[in-house]
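Heads up: the structure comes next, in structure tokens.
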Amino acid sequence: MAKVKKIINETENIVSEVLDGYVAASMGKLRRTADRVLVRSEIEPGKVGLVIGGGSGHEPVYTSYVGKGMADASVAGNIFAAPAPQFVTAAIKAVDQGKGVLLVYGNYAGDVLNFDMGAEDATDDTGVEVRTVLVADDCATPDLATRRGIGGGFYQVKIAGAACAEAQSLEEAEAAVNKCRQNLRTLGVAVAAGSLPETGEPTFTLGDDEIEIGLGAHGEVGVERAKLMPADVLTKKMIDHLVADLPYQAGDRVALLFNNLGATTQMELMIVARKAFELLGEMGIEVARCDIGAFFCSQEMAGFSISLLKLDDQLEHLLNAPCESITFSQG
Amino acid sequence: MAKVKKIINETENIVSEVLDGYVAASMGKLRRTADRVLVRSEIEPGKVGLVIGGGSGHEPVYTSYVGKGMADASVAGNIFAAPAPQFVTAAIKAVDQGKGVLLVYGNYAGDVLNFDMGAEDATDDTGVEVRTVLVADDCATPDLATRRGIGGGFYQVKIAGAACAEAQSLEEAEAAVNKCRQNLRTLGVAVAAGSLPETGEPTFTLGDDEIEIGLGAHGEVGVERAKLMPADVLTKKMIDHLVADLPYQAGDRVALLFNNLGATTQMELMIVARKAFELLGEMGIEVARCDIGAFFCSQEMAGFSISLLKLDDQLEHLLNAPCESITFSQG
Amino acid sequence: MELSIDQTRAMLVAMCDAIIENVDVLTKADQAIGDGDHGVGMRRGFKAAKEAIEAAEPGSVGELFKAGGSAVIATSGGASGIIFGLFLRAPAKQLSGQTLDAAGYASWLTAAATQIQARGNAKPGDKTMVDAIVPAAEAAQAAVGDGLLAVAEAGAAGAHRGKDATVEMIASFGKAKALGERAKGHPDPGALSTTILLDAARDYVKEQS
Amino acid sequence: MELSIDQTRAMLVAMCDAIIENVDVLTKADQAIGDGDHGVGMRRGFKAAKEAIEAAEPGSVGELFKAGGSAVIATSGGASGIIFGLFLRAPAKQLSGQTLDAAGYASWLTAAATQIQARGNAKPGDKTMVDAIVPAAEAAQAAVGDGLLAVAEAGAAGAHRGKDATVEMIASFGKAKALGERAKGHPDPGALSTTILLDAARDYVKEQS
Ligand SMILES: Nc1ncnc2c1ncn2[C@@H]1O[C@H](COP(=O)(O)OP(=O)(O)O)[C@@H](O)[C@H]1O
Ligand SMILES: Nc1ncnc2c1ncn2[C@@H]1O[C@H](COP(=O)(O)OP(=O)(O)O)[C@@H](O)[C@H]1O
Ligand SMILES: [Mg+2]
Ligand SMILES: [Mg+2]
Ligand SMILES: [Mg+2]
Ligand SMILES: [Mg+2]
């Protein structure tokens, strides 16, 4: 197979140039620091800080979700690799306003190791208090503690952004984001692989007529490898799996997120959305908010994920609170 | 080459199911009428109407840009084919509040024929006054009158939505949108073909190391077929072509749009954005607003377009006015 | 010789069938210089036209043409929906009688050529189906004195001459326009459709003769 | 036998070179059961470590280890950045003298095994590099009485036994975890890196003996 063409310059400069792109497009609202940190130019004094981050290559997550009502800084690793700890330390120091800093990032071994060490170093240096709420929404695997962070991470970051903007204390923000984590489930489906920009090689292989339900954002194996099936059949499988996992129940109010992993068309997402609304309606689950788009990608992987977040008044308020960032804003 | 996998049901139901998806995701704000028309459930009485539309397969354009401050209705053709005139007629009648209706759609022979006939039929039936401002932003071809409508259509629809929401008369709205058209230029680059959902076949072919600058949204030939080149070289070619076309000049204030044609990563768009900002800065052209995302796709085509819109106070006001739609909202 | 309403219906149905059968030919022609959807669009339109024509209870020959043309316009979409809808619908008002004769057949093609140019703004030489319908109409008018079959034969032959001439043209319309010189060597897909339609009409008239 | 500061530096550089040379082996190992980036990440980290070690002006042997380990942590990224950074950095405080002797070498591996387990939470049997470093440390401690070369040889041999044992394990950590039974038949990439590092160290000690 031919290598996937990418519009880039030198591969070793990708992450740095992407960060410069965000700074340019922010028109003064963001700046770079410590090489791999994107930070708000002005942070409200006395607010609880929020730092997000992870491996690059999943843009817009996590790097771009920095701004008023979102994260105060993001830390970018190399493509699909956790960022080194000194960048985490620098980000924490850059956003700390004396109220402590919350970390939100995906539950991957490499990220946990690097963010933990980075946070400890920051605390050793300045005494800043740091708490972490991992994104661990992928219900493709059974064990809660080791679940991966995928598309629902967008909701968790959004809620963390609003919580840290409003909260009086780090504990209060942490508790809200923890509640989001508890109520959030995502299931993805991969239709075709993305590629590594350094090599143009695919990140995994699927047969010409195969899809994999639950495949992870880096090609980790999922729930079921299956033949291509009609959208309605696939949607039912995914919704049934998701709903049973929490479980979501009749009378629940939810936010519903359709996330494009990269190359899937909006046409397909809308066909799936139509069926998902129908199925949730039949189950008596009320959709209070719906988001559709590319929030958490895996290069140009074809596929999508569906996330459900069970809402209470607090979570709904935080999800709907205004925010600004390069790729997602709401009034 | 293996057929491109799509998550769909029966191919003949694609457009209909996509429209149902938009209705579901709108949660009461949109409804379908006359089979192929998506219309706002509540339209402000006495406002100038705005109808947009075109062939399907380019979602979110044009179908999804319906809502408060955007279009009042959209008309969806089959994949890559202009909608038949009776749907245009129905849309015009559905949005008419006695102040006349503006049509905004891409400058393709088939669309012009069908929208013109649909508008004439509506006027014959009810006397409604209809005006048209075509989207014709693609500066890949020299002849102004026959230029195609591509990614900049998002800005033109946004401005038309605000103009029709605010204008006292159809003429006033038309004049504003015409000014937008005059000041708007777009140039695209195709890196890899999308596919027709009915067949899974690619819409055009490019060599393994080739790109085409100026290739149209349906595979129409462009300015130059070239070998894959560094992002910075490509960006300079594109910006130089764009700037020379209007021409944009030192001291101009512009809005700058990076549109993902489908499968390009945001990583690549940010690398390009970084260079575009640098080049425009060197030319003394001030960027007052920047938008980055998938606004006008061509199935999962890999590639992107850059649009420049020269602003005056009125256009800047209209572009920044609040709006709501399934895929684009601003506060 | 004249065709009755039912014979005219049968002629129009034969034309629809000819398009439906030739969908692959039209697809290939449009793939060469357009976006490849001409065959699918024409089939969608002429399938609907066939149903409308078969279901119609017309008061005149013209109403059959109108039923077919309106169906094409309403279902085909794209440029060719309007153009080939007008191809059938254009003569609807003129053909107010119960039969289709030589003069009526020729006036159909003339009305089509006129209305298509008026609405579509393509002129002869622009590499569109106008290059086929215009010589078809002229040749048909010239043969009116020789009877219906002669008119039908002249119309088809005129369309073929026009279609053949499009091979060497560069396009000034539609999606082939951007191809410039590269469009040379291929006939215009819509001109090809025009010959398929007029060949089928001629064959039906010949059978009935 | 003991290594001087400069000999220790040379030993550490040889270990870095071994990783850099084996990037493809490590890439293949991680492609089999992980995400394929172990080779690239290790090379990035140990290139930086090599530079830091060469540039260091250490007051003790331990400061050389610290310079190398900190460089790996700061540049490698991913899980292995921390793990293999600690592999070098763990003994920094203990090795406060001017030479590396048998006891020092063994205490290095023990410190690494302890700190890596404390931070990473992987236990023996989870199919990680812990399965290589733990038996390496144990074997090295047991050989302290036999001198530096014996310790280095025991360490490398222990790592190889551990790495070989990972072939039949299913993973409980990292990206191979989701593979379940499918991870069987392949060694853990990080365990493989551990053998490469300890082989290079042993070879250097042997040369100097
Ligand atoms: N303005 C026009 N006047 C006459 N014929 C036209 C015009 N525009 C297009 N056509 C005809 O339509 C044909 C293309 O039809 P089709 O492929 O269905 O539409 P599209 O160009 O929208 O894909 C052309 O080959 C040409 O003969
Ligand atoms: N918690 C851990 N403790 C010890 N070693 C680990 C741990 N997590 C991962 N590793 C080691 O790291 C190796 C994978 O490294 P690498 O591929 O660079 O990182 P990633 O898994 O982030 O892609 C594994 O083979 C394993 O030996
Ligand atoms: Mg990795
Ligand atoms: Mg077409
Ligand atoms: Mg066509
Ligand atoms: Mg790995």
Side-chain angles (χ1 to χ4, degrees), chain A residues 11-12 15 34-36 53-57 75-90 108-118 120-121 138 140-143 145-148 196 198-199 201-205 212 214-223 225 298, chain D residues 23-24 27-28 30-45 47-48 69-86 89 115-122 126-130 170-183 188 190:
Chain A
T11 53
E12 59 266 36
V15 175
D35 191 29
R36 290 304 181 86
S56 292
V75 192
N78 289 309
I79 307 280
F80 295 168
Q86 74 275 17
F87 304 130
V88 176
T89 306
Y108 295 90
D111 292 283
V112 174
L113 287 166
N114 284 280
F115 275 86
D116 276 357
M117 186 179 280
E120 287 162 27
D121 289 351
D138 184 1
T141 56
D143 177 18
T146 59
R147 284 186 167 177
R148 309 172 290 221
L196 288 173
E198 292 94 343
T199 60
E201 300 289 337
T203 46
F204 56 89
T205 48
E212 185 155 339
L215 196 90
H218 316 85
E220 306 92 339
V221 290
V223 178
R225 189 162 285 212
S298 191
Chain D
V23 56
D24 291 340
T27 298
K28 288 213 182 80
D30 197 32
Q31 277 170 344
I33 60 166
D35 59 353
D37 61 357
H38 186 59
V40 177
M42 289 292 279
R43 179 176 54 193
R44 193 165 48 230
K47 258 193 176 169
S70 299
V72 171
I73 290 173
T75 56
S76 196
S80 55
I82 301 285
I83 299 297
F84 286 92
L86 288 177
R89 207 175 71 172
Q115 288 191 30
I116 287 169
Q117 288 181 83
R119 185 164 283 281
N121 290 318
D126 286 343
K127 193 168 182 135
T128 69
M129 64 79 73
V130 167
I170 62 171
S172 338
F173 259 80
K175 282 163 189 154
K177 183 179 184 301
L179 274 177
E181 289 286 327
R182 291 199 245 168
D188 173 65

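Just so we're on the same page: letters track the sequence lines, and every chain starts at 1.
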Can you check side-chain contact (heavy atoms from CB on, under 4.5 Å) on A/E201 and D/Q31, steps first, answer last? CA-CA 12 Å; A/E201 300 289 337; D/Q31 277 170 344; over 6 Å; no

Assert top hit (heavy-atom pairs under 4.5 Å, partner chain D, pool A/A140, A/P85, A/G77, A/G216) equals A/P85

For the residue pair A/A84 and D/A74, what are the closest heavy atoms and their distance? CB-O, 3.2 Å

For the student: nearest non-hydrogen atoms of D/A79 and A/N114, plus distance: N-ND2, 4.5 Å

With a 4.5 angstrom heavy-atom cut-off, which part of A/D111 approaches chain D: side chain, backbone, both or neither? neither

Salt bridge flag under 4.0 Å for residues D/R44 and A/E12: no

Give, as side chain, backbone, both or neither, the part of A/N78 having an atom under 4.5 angstrom from any heavy atom of chain D. side chain

Interatomic spacing from CD in A/E220 to CG in D/D35 - rounded to 0.5 Å: 7.0 Å

Report the distance from atom CG of D/D37 to atom CD1 of A/I79, rounding to the nearest 0.5 Å. 11.0 Å

So CG of D/L86 and CE of A/M117: to nearest 0.5 Å the spacing works out to 4.5 Å

